[in-house]
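Since the model is a prediction, treat every value here as computed from it, not as a measurement. Order of listing sets the numbers, starting from 1, for every ligand and every atom in it. For reference, positions follow the sequence shown, starting with 1.
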Amino acid sequence: MKKNIREVMQERLLILDGAMGTQIFNKNPTVDDYGGIQMEGCVELLNERRKEWIQDIHASYFNAGADAVETNTFGCNEIVLNEFNIAHRSYELNYLAAKLAREVADSYTQEKFVIGSIGPGTKLVTLFQVDYATMYQSYYSQMEGLIAGNVDALLIETCQDLNQIKIAVRAAKAALKKANKKLPIWVQVTIEATGSMLVGSDIQAALTTIEMLGVDVIGMNCAMGPEEMRAHVAYLGESSPMSVSVLPNAGLPINDNGRTVYPLGPVDFASKVAAMAKDFSLNIVGGCCGTTPEHIKELVAATKNIVITPKIARYERGVSSLYTAVPYNLEPKPLFVGERTNANGSKKFKDLLAENDFDGLVQIAKEQLKEGAHVLDVCVAYVSRNEIEDMAEFLKRLVTQVNIPLMIDSTESPVIEKALQIAPGKCIVNSINFEDGEAKARQILTMCKEYGASVVALTIDEEGMAKTTARKLEIATRIYNLAVGEFGLDPGDLIFDPLTFTLGSGDEEFRKSAIETLNAIKEIKQKYPKVQTILGLSNISFGLNPYTRQMLNSMMLYYAVKNGLDLAILNSSKIIPIAKIEEEDRKLFTDLIYDNRSENYDPLKSILAKFSHIKKQDASQNNKRATMSIEEKLKLDIIDGEKQKVVDDCLEALKTYAALEIINKILLEGMKVVGERFGAGEMQLPFVLESAETMKTAVRTLEPYLEKNADSIKGKMVIATVKGDVHDIGKNLVEIILSNNGFDVLNIGIKQPIEAIVEHYKESNADVIGLSGLLVKSTVIMKENLDYLKQHGFSVPVILGGAALTRDFVDIECSKTYGAPVFYAADAFEGLKIMELISEAKKNNEEIDAELIRSIMRKDKPDQAKSAEENKIKIVRKGEQTIKLDAQGQSSWVRKTEKVPKPPFYGSKIVEESL
Ligand code: THG
């Protein structure tokens with residue numbers, strides 16, 4: 001009897017296969033192999049048309065010693081197949097691919113496994129390039145096909161977006177449930193050389209979010225070689241409670257005359273991966289781009305003696321936004337939850353909501369962030385408005401524009417579910433209680449499990465809000481048994497809120513409510529040390545004047561933390577450090593909190609007498625913007641994506657500058673900073689898009705003031721993804737950046753043959769052609785396209801962009817082919833710069849000096865721009881491959897980055913007490 005994959009993984013390191021795509025392209029598929037020109041590049045069709053190729057490749061990996069192979073289904077989902085008009089064939093092609101691999105696996109006497117490969121597709125759900133339901137369905141049919149084809153595990157791989165992962169896992173679980181199977185689900189993220197996933201998530205955010213989804217394996221694949229991955233893998237190895245997989249590329253690719261060369265030969269690759277497997281107790285290793293059966297053979301040999309050891313993970317439980325995770329156990333405590341993004345807690349928020357001013361609401365969120373909130377409590381409940389729609393509208397903006405995690409504050413289950421579908425990271429749901437029995441709590445707990453969220457539980461039951469410590473504890477116990485005992489929630493994801501009443505009314509009934517709450521915090525933590533506690537702090541002081549509220553809230557926070565409070569819902573700008581409160585006042589508020597009254601002393605009366613005359617006065621910080629020049633303000637508006645502020649600032653700047661000057665001298669400066677930060681991995685993609693939007697708003701504001709005869713459109717580009725390539729995320733980004741910076745862009749889509757591109761170029765009278773593509777073979781197509789242009793007598797400037805290109809390939813090889821200006825743009829900002837330089841030359845009626853422009857671009861990017869000799873590139877011979885490395889031993893292709901995100905501080909610290 002053969003063992004199943006989970007059993008084998010208990011015993012040893014599992015070895016996966018290497019690259020599939022490279023092996024396929026080595027067979028040089030023709031149009032006929034794909035079944036027609038429209039299908040060119042759809043490698044999934046080869047499962048049907050060239051079965052023997054695919055089975056050959058699987059067998060070659062098994063023969064090299066791999067325990068498992070991945071099905072040829074990386075792009076086999078409805079969204080990608082739809083680019084070839086065969087979305088309806090998803091199930092069938094996945095089924096076929098799984099069966100092909102299964103046949104090969106079953107022909108061995110040893111255990112050999114089939115892993116269903118599920119790639120990310122070509123659309124980012126977090127950037128709303130596709131909607132939730134479409135992506136879910138796209139994955140669901142793929143999963144169904146793979147499961148029916150009898151795979152041993154589902155591998156959701158090369159993930160670039162946390163919400164994509166959440167959707168794919170949910171679809172996988174649903175499909176498994178329907179098929180009544182319990183296959184392992186594996187998830188692998190792709191961390192770019194910038195240090196984060198494409199949409200900006202760091203490795204902690206990925207772990208925090210994925211840990212909640214109930215999958216078997218978390219791992220990394222693609223984008224980097226073993227060395228570049230090492231720091232991230234170390235983090236996963238030490239912190240992940242799940243098994244860890246690592247499938248690196250064979251180093252960072254170098255484009256050698258249109259051929260991608262991966263620098264790591266089999267032996268080097270194997271020894272580096274084996275070292276990680278040993279150092280970080282990995283459970284699965286294999287290869288991604290550039291790896292071959294030879295690499296896997298060496299990997300099998302290098303890992304032969306590695307023994308699997310039981311994992312002792314130091315996982316730090318917390319919550320996560322799209323970008324980054326925040327541990328619950330913050331030092332110093334507590335974790336601040338911003339209270340002002342709440343229609344019931346802020347008049348300003350409510351008024352803006354009534355006006356549908358969602359950008360204004362985002363502004364409030366950003367202010368909370370600046371004032372020190374670690375998490376935002378979001379509540380849009382407003383009678384007579386549609387709460388689901390409001391939640392969706394607000395969150396769509398919030399999740400990309402504000403980088404802290406969210407607490408979804410609603411009493412309505414459908415609102416909570418909608419929010420959990422939009423938020424990419426791990427949220428907190430606020431809240432459950434037993435006010436009307438358990439049914440609703442169960443419903444919400446089901447959602448928390450399904451979407452991977454923590455939950456706040458209020459100590460309220462059928463008899464109402466618990467007032468005494470004993471009652472609070474009794475309800476907490478009942479909730480614990482349900483959430484942890486029955487629903488299997490990790491106790492660390494259960495956040496108890498023992499609630500408190502105001503001390504401001506002087507009502508005899510509530511005089512002891514702070515004491516009861518403080519004691520409840522202490523006792524809940526004693527009884528259940530792993531759970532979290534939270535308090536809506538401002539409730540303690542309703543009815544008092546603002547200044548008194550600040551003092552009382554601050555003192556209450558101090559005592560609550562002493563009693564074990566982990567999180568506090570508050571307005572962090574209004575919290576006064578205890579040390580700044582006068583000794584005498586501290587005593588007064590302490591007496592109020594602990595109800596230390598005596599015959600002639602009531603602390604509440606003393607407080608009212610002492611502070612009631614104090615008008616609005618608070619601890620809010622000085623406003624830096626106020627002291628800035630208008631130039632600085634405008635620049636900052638662009639960098640921070642301040643769509644709202646930029647309008648007024650533009651109007652003010654018009655008093656001093658001409659509109660065109662504002663755009664060219666000030667705003668573009670801001671955009672330049674954005675470009676630099678993006679290039680250095682310091683600014684995530686959604687923020688870049690936000691800055692571009694702000695640029696557009698500014699230009700629109702200034703448009704009426706531009707001199708009518710001055711050319712406000714600086715130039716025009718026709719842009720396309722080349723033939724056989726469906727990737728357009730980069731191209732679409734270029735469109736946004738260019739069009740928001742004064743250029744006209746005609747984006748004609750993906751898979752464009754050069755004839756169509758030329759057609760549009762002629763019709764539109766564009767100044768430049770932009771060619772884009774992600775695949776290695778697209779670099780060859782680009783060169784062919786340039787040859788076509790030359791043969792047909794064109795000399796229009798062409799800009800090339802795409803992951804597999806290198807500057808040398810474009811500047812030297814492509815330039816020679818074309819004989820007219822052709823430029824390399826590493827990202828959208830380089831494209832913008834080149835467009836600026838070209839339009840400058842046109843305006844001055846000058847010839848385009850390609851060499852000059854190239855030298856400017858190289859100077860801008862000294863790291864990657866120098867020619868081979870200058871950079872002292874060593875030509876190293878390793879095995880069969882000739883590879884080029886720079887002085888640091890890194891390929892000249894890679895964009896250098898200093899910043900690799902570091903894990904947060906996880907140890908214990910001694911924090912000085914201030915009272
Ligand atoms: N526990 C949990 N969730 C909660 C609460 C809680 N959510 C809502 C609330 N309580 C916490 N949020 C607030 C937000 C604002 C105020 C109080 C609690 C507040 N606002 C001022 C007022 O109403 O006077 C400011 C008004 C304004 O700015 O317009 O006090 O306890 N789990």
What are the atoms of ligand 1, with element, lying closer than 4.0 Å to any heavy atom of [X]?
{"X": "Val456", "result": "32 (N)"}
{"X": "Asn342", "result": "8 (C), 12 (N)"}
{"X": "Ile569", "result": "1 (N), 2 (C), 3 (N), 4 (C), 11 (C), 32 (N)"}

ask   = Met391 versus Lys418: any side-chain heavy-atom pair under 4.5 Å?
value =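 Result no, sub-4.5 Å side-chain heavy-atom pair not found.
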Looking at non-hydrogen atoms alone, which of [options] comes nearest to [atom]?
{"atom": "atom 22 (C) of ligand 1", "options": "Arg549, Lys350, Lys347", "result": "Arg549"}
{"atom": "atom 20 (N) of ligand 1", "options": "Gly338, Ser541, Gly345", "result": "Gly345"}
{"atom": "atom 3 (N) of ligand 1", "options": "Ile364, Asn430, Ile495, Asn539", "result": "Asn430"}

Would you say [X] touches ligand 1, if touching means a heavy atom closer than 4.0 Å?
{"X": "Leu458", "value": "yes"}
{"X": "Ser346", "value": "yes"}
{"X": "Ile534", "value": "no"}
{"X": "Phe542", "value": "yes"}

query = Looking at Phe434, does the NZ or CZ of Arg478 lie under 6.0 angstrom from its six-membered ring centre and within 45 degrees of the ring axis?
reply =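 Yes, Arg478 and Phe434 form such a contact.
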request  = May I ask you to check if Arg170 and Tyr136 form a cation-pi contact, with NZ or CZ under 6.0 angstrom from the six-membered ring centre and within 45° of the axis?
outcome  =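 Yes, a cation-pi geometry holds between Arg170 and Tyr136.
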[atom] - nearest protein heavy atom and its distance:
{"atom": "atom 13 (C) of ligand 1", "answer": "Glu339 OE1, 3.6 Å"}
{"atom": "atom 17 (C) of ligand 1", "answer": "Ser538 CB, 3.4 Å"}
{"atom": "atom 1 (N) of ligand 1", "answer": "Asp497 OD2, 2.6 Å"}

message = Less than 3.5 Å apart, any donor N or O on the side chain of Asn403 or Ser321 sitting next to an acceptor on the other?
response =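 Not at all, the side chains of Asn403 and Ser321 share no donor-acceptor pair under 3.5 Å.
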query = Are a donor atom and an acceptor atom from the side chains of Arg549 and Asn571 found within less than 3.5 Å of each other?
reply =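 Note: Arg549 and Asn571 side chains miss the donor-acceptor criterion.
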ask   = Any idea how Tyr451 and Tyr132 line up, ring-wise: parallel (<30°), tilted (30 to 60°), or perpendicular (>60°)?
value =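 Judged by the thresholds at 30° and 60°, the geometry between Tyr451 and Tyr132 is tilted.
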ask   = Tyr594 vs Tyr559 aromatic rings, parallel, tilted or perpendicular, using cut-offs 30° and 60°?
value =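 Aromatic pair Tyr594/Tyr559 classed perpendicular.
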query = Heavy atom under 4.0 Å from ligand 1: found in Asp409's side chain, backbone, both, or neither?
reply =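 Side chain only; the backbone of Asp409 stays clear of ligand 1.
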query = If you count the non-hydrogen atoms of other residues, nucleotides and ligands that lie under 6.0 Å from NZ in Lys522, is the total more than 12?
reply =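 Open.
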query = Is the ring centre of Phe687 less than 6.0 Å from the ring centre of Tyr323?
reply =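 Phe687 vs Tyr323: aromatic centres under 6.0 Å.
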